[in-house]
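A note on names: the letters A, B, ... follow the listed sequences, proteins ahead of strands, and every chain is numbered from 1.
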Amino acid sequence: MRAAAVEAAPAWTIRAGSEVVDLDADGTVLGRAAWNPADVAGAVSSRPDTRWVWADTAAVYPEFLAAGTRVDRAWDLRLSRRILRLSPLVDAAARLAAPDVWDRAAEPMPVSDALFALTDGPVLGVDDLVAELSRQRALTDGAADAARLRLLLHAESAGALIAAEMHAAGLPWDRAAHERILVEVLGARAASGAPPEKMQQLAAVVRAALGDPAASLDSPPKLLRSLHRVGVMVASTSRWELAEQQHPVVEPLLEYKKMARLLSANGWGWLDEWVRDGRFRPVYIPAGVVTGRWASNGGGALQIPRQLRPAMRADPGWVIVDADVAQLEPRVLAGMSRDARMATAARGLDLYEGIVATGAVATREEAKYAVLGAMYGATSGDSGRLVPRLRRAFPAAMALVDDAARIGEEAGAVSTWLGRGSPPPEDAWLALQSLSTEEGTDAAVSERARRSARDRGRFTRNYIVQGTAAEWALCWLAEIRHRLSQLPAVVDAPTADRSGPAFARRAHLVFFLHDEVIVHAPAAQAEQVAAIVVEAATAAGRRMFGTFPIDFPLDVAVSPAGGAVTADG
DNA sequence: GCAAACCGCGCG
DNA sequence: AAAGCGCGCGGTTTGC
């Protein structure tokens, strides 16, 4: 018999509404308590080894951060539920069939300062969470590969913690540096409403080339008509098509479009709206993309142009540690297919050069287009023509993506390496497919059905690779977070107040973009942090692929500002 | 008059 | 030497 329940340390702690419930490792309730908002730090520190459980990290965890504390481990019931519903590792009969109160509340909820998610939609009581955790643990423990599924759910939940923490910490952003770039590229800011100086001048040049001083440059249909009038017979105004034309309007117009994009997407208005106190605080949405990738909401965090990277600037005495994985997706493909030849080609920093060395293709560029074509399902163009060569060189890897495409075309489901299942086809898709098999079907309908099937095949082909890459990245992030938390805090950091949460007094994650992380670190810890990021990549590879010899090399740059040039061009 | 749909382009 | 995947956003046009 174990000791009295009240004295046992909880393994799980559920937080909902105004209550906290502690559970032991078996899920037996150890005790219930009222939640005390005045002592969040005490609630955390008195349960050093627990895993915190809640319905929605984005709704609950900001209160912890605002109170100056963090948690080591979490279980996000909403994110886990979405995975368990579709995972092929879970017995199909045990998966949920009908939507219920959880699903109505299960729209991706952004991480934000407001706690509106708590009052939006159906309210879940703490007993609902106790029951849901029990159900999810049973599904996970009984899964075809429990360890693998558990890794995915833990990584997913760790990602949710990190998303909230990165929002709270903010990305160090130098308004003056950003404005210098704007002025250099666009010219001085003009009176309100008017475009900046250089843009006005360039617009005049474009209009002169169009022979129309009143030509509209910002409306694609009008611009298209203007182009046709001067003999530029393009079908659209997109850049790649214009670039093929020989006409004096092309060069200034492309330049103008670049400027207009910078102004509207990341101009002074963006700075005013998104940068406060030297921090850009985007809203991250973990698993906001169907493959498991993160999405973002507001501020275009995942689309910051490289042009503006130098505006990312560390605080005085701190540095930016910027790391990205070289060719993450093909490496992940080699790992999941156990393709030893591809893994050999991936040894070293440049997988594309490794492929050239096998003799499959002649140049690095060819290798790149062949690999992209293989993962995206290219059928034509230079990329499509190169794919068969890859199929001969790496049959195991190619069989995996080719099978995924075939399954998708046949309305089937595919899965990532850790068990995130792809969504089923939509009803309209199924209806079109069955319509095309009926007798006497119109040829046009059959063609639409075939195209729609191939579209889905390209989706499932890419799903397994993109989704597994997202899983690798979650493991990497979680490892980095854990290792950074072991570093000593810099108590007298000059920016401790400005950075807000207490965890920001030590090196902390401030940005994540699919295969790249940025850590804001005290300069004295720069080398330690760089080593942590590299070790975490190795650890993530082991967690995902065990002893299979696939490398995940990084480009790492340490500097006061973003956009630093790394050794690998 | 408002919202959905479309375009074009930024990111991986 | 592409036109194959996944996104968000601002601006304009289109549809009700």
Side-chain angles (χ1 to χ4, degrees), chain A residues 108 110 216-224 234-244 253-254 256-267 269-270 273-274 282-285 287-309 324-330 332-333 361-387 390 401-402 404-405 408 414 416 422-423 451 454-470 472-473 511-517:
Chain A
S216 166
L217 306 184
D218 302 320
S219 156
K222 290 177 187 166
L223 177 57
L224 195 61
V234 285
S236 77
T237 64
S238 57
R239 191 185 45 187
W240 65 270
E241 197 174 350
L242 285 169
E244 293 172 350
L253 177 55
L254 292 180
Y256 175 86
K257 284 164 77 89
K258 248 188 147 81
M259 292 163 93
R261 164 79 193 185
L262 178 62
L263 178 64
S264 71
N266 298 100
W270 183 89
E273 188 175 354
W274 291 103
V283 174
Y284 294 97
I285 304 179
V289 178
V290 63
T291 57
R293 271 190 176 181
W294 290 15
S296 74
N297 195 308
L302 308 187
Q303 302 137 257
I304 295 172
R306 304 206 75 81
Q307 204 174 13
L308 288 176
R309 285 306 191 90
D324 70 279
V325 195
Q327 306 108 20
L328 174 58
E329 290 189 351
V332 153
L333 173 58
V361 295
T363 67
R364 188 180 186 280
E365 283 299 287
E366 280 190 347
K368 187 170 165 180
Y369 287 124
V371 166
L372 292 178
M375 296 188 305
Y376 294 166
T379 54
S380 63
D382 294 317
S383 179
R385 277 194 291 280
L386 290 164
V387 173
L390 224 52
V401 285
D402 288 344
V414 296
T416 61
S422 65
R451 188 163 56 240
R454 284 194 301 269
D455 287 349
R456 185 158 196 278
R458 284 194 303 276
F459 165 67
T460 51
R461 170 190 292 272
N462 186 245
Y463 179 94
I464 62 168
V465 180
Q466 187 183 117
T468 303
W472 182 92
F511 189 68
F512 168 57
L513 179 55
H514 309 317
D515 64 357
E516 175 187 14
V517 300

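- Proximity of A:Arg454 to A:Thr379: side-chain heavy atoms (C-beta onward) are nowhere separated by under 4.5 Å.
- At the heavy-atom level, A:Thr379 lies nowhere under 4.0 Å from the strands shown.
- For A:Arg385, no side-chain nitrogen or oxygen approaches OP1 or OP2 of C:dA1 to under 4.0 Å.
- Look at A:Lys257 and you won't find any side-chain N or O under 4.0 angstrom from OP1 or OP2 of B:dG8.
- When the P atom of B:dC7 is taken as reference, atom CG of A:Leu223 falls 15 Å away, rounded to whole Å.
- Between A:Leu308 atom CG and B:dC11 atom P there is a gap of 10 Å when expressed in whole angstrom units.
- Both A:Glu366 and A:Gly373 lie close to DNA chain C; mapped to their nearest nucleotides by heavy-atom distance, the more 5′-ward contact belongs to A:Glu366.
- Separating the CD1 atom of A:Ile285 from the P atom of C:dG6 is a distance of 18 Å, rounded to the nearest angstrom.
- Listed nucleotides C:dT13, B:dG12, C:dA3 differ in distance to A:Tyr376; the shortest reach to its side chain belongs to B:dG12.
- In this structure, A:Leu242 atom CG and B:dG8 atom C1' are separated by 11 Å, rounded to whole Å.
- Set against B:dG10, C:dA3, C:dG6, the side chain of A:Pro305 has B:dG10 as its closest nucleotide.
- When distances are taken from the side chain of A:Ala295 to each of C:dG6, C:dG8, C:dA3, the shortest belongs to C:dG8.
- Side chain A:Thr363 to base C:dA1: a donor-acceptor pair is found below 3.5 Å.
- At the heavy-atom level, A:Ser219 lies under 4.0 Å from the strands shown only through sugar-phosphate atoms.
- Note: CG (A:Leu328) to P (B:dG12) measures 13 Å, nearest angstrom.
- The side chain of A:Asn297 approaches C:dC9 more closely than any other nucleotide in the set B:dC9, C:dC9, C:dG6.
- Across B:dG12, C:dC5, B:dG8, the shortest atom-to-atom separation from the side chain of A:Arg458 is found for C:dC5.
- A donor and an acceptor atom sit less than 3.5 Å apart, one in the side chain of A:Arg293 and one in the base of B:dG12.
- Side chains of A:Tyr463 and A:Val414 form a contact here, defined as non-hydrogen atoms less than 4.5 Å apart.
- Taking 4.0 angstrom as the limit, A:Thr291 places none of its side-chain polar atoms (N or O) nearer than this to OP1 or OP2 of C:dC5.
- Relative to the side chain of A:His514, the nucleotides C:dG6, C:dG8, B:dG8 differ in distance, and C:dG6 lies closest.
- Of the possible donor and acceptor atoms, one in the side chain of A:Glu241 sits under 3.5 Å from a partner among the backbone N and O of A:Ala235.
- When atom types are taken as modelled, the side chain of A:Arg456 and the backbone of A:Gly408 share a donor-acceptor pair closer than 3.5 angstrom.
- Not a single donor-acceptor contact under 3.5 angstrom links the side-chain atoms of A:Glu365 to the base of C:dA1.
- For A:Val289, taking side-chain heavy atoms from C-beta onward, the closest of the listed nucleotides B:dG10, B:dG12, C:dC7 is C:dC7.
- By the 4.5 Å heavy-atom criterion applied to side chains, A:Gln466 and A:Val289 are counted as neighbours.
- A rotation axis mapping the C1' atoms of four pairs onto the next four is fitted at both ends of the helix from B:dG1-C:dC16 to B:dG12-C:dC5 over five pairs, and the angle between these axes is 10° to 10 degrees.
- Using modelled atom types, no side-chain atom of A:Glu329 and backbone atom of A:Val465 make a donor-acceptor pair closer than 3.5 Å.
- When the side-chain nitrogen and oxygen atoms of A:Arg306 are compared with OP1 and OP2 of B:dG12, one or more of them lie within a distance under 4.0 Å.
- Listed for the A:Trp270 side chain is a donor-acceptor partner under 3.5 Å among the backbone atoms of A:Gly299.
- Rounded to an integer number of Å, the gap from A:Leu254 CG to B:dG8 C1' is 12 Å.
- Here A:Val290 lies in heavy-atom contact (under 4.0 Å) with sugar-phosphate atoms only.
- Here the nucleotide nearest the side chain of A:Lys258, chosen from C:dG6, B:dG8, B:dG10, is B:dG10.
- At the heavy-atom level, A:Ile304 lies under 4.0 Å from the strands shown only through sugar-phosphate atoms.
- Considering only the side chain of A:Ser264, C:dG11 comes nearest among C:dT12, B:dC9, C:dG11.
- Atom OH in A:Tyr284 sits about 13 Å away from atom P in B:dG12, given to the nearest Å.
- A salt bridge links A:Arg309 to A:Glu516: one of the charged nitrogens lies within less than 4.0 Å of a carboxylate oxygen.
- Across all their heavy atoms, A:Val387 and A:Ala378 have their closest contact at CG2-O, 4.4 Å.
- Counting distance only, with no hydrogens placed and no angle test, the side-chain atoms of A:Arg261 and the base atoms of B:dC9 include a donor-acceptor pair under 3.5 Å.
- Between the CG atom of A:Asp515 and the C1' atom of C:dC5 there is a distance of 15 Å, rounded to whole Å.
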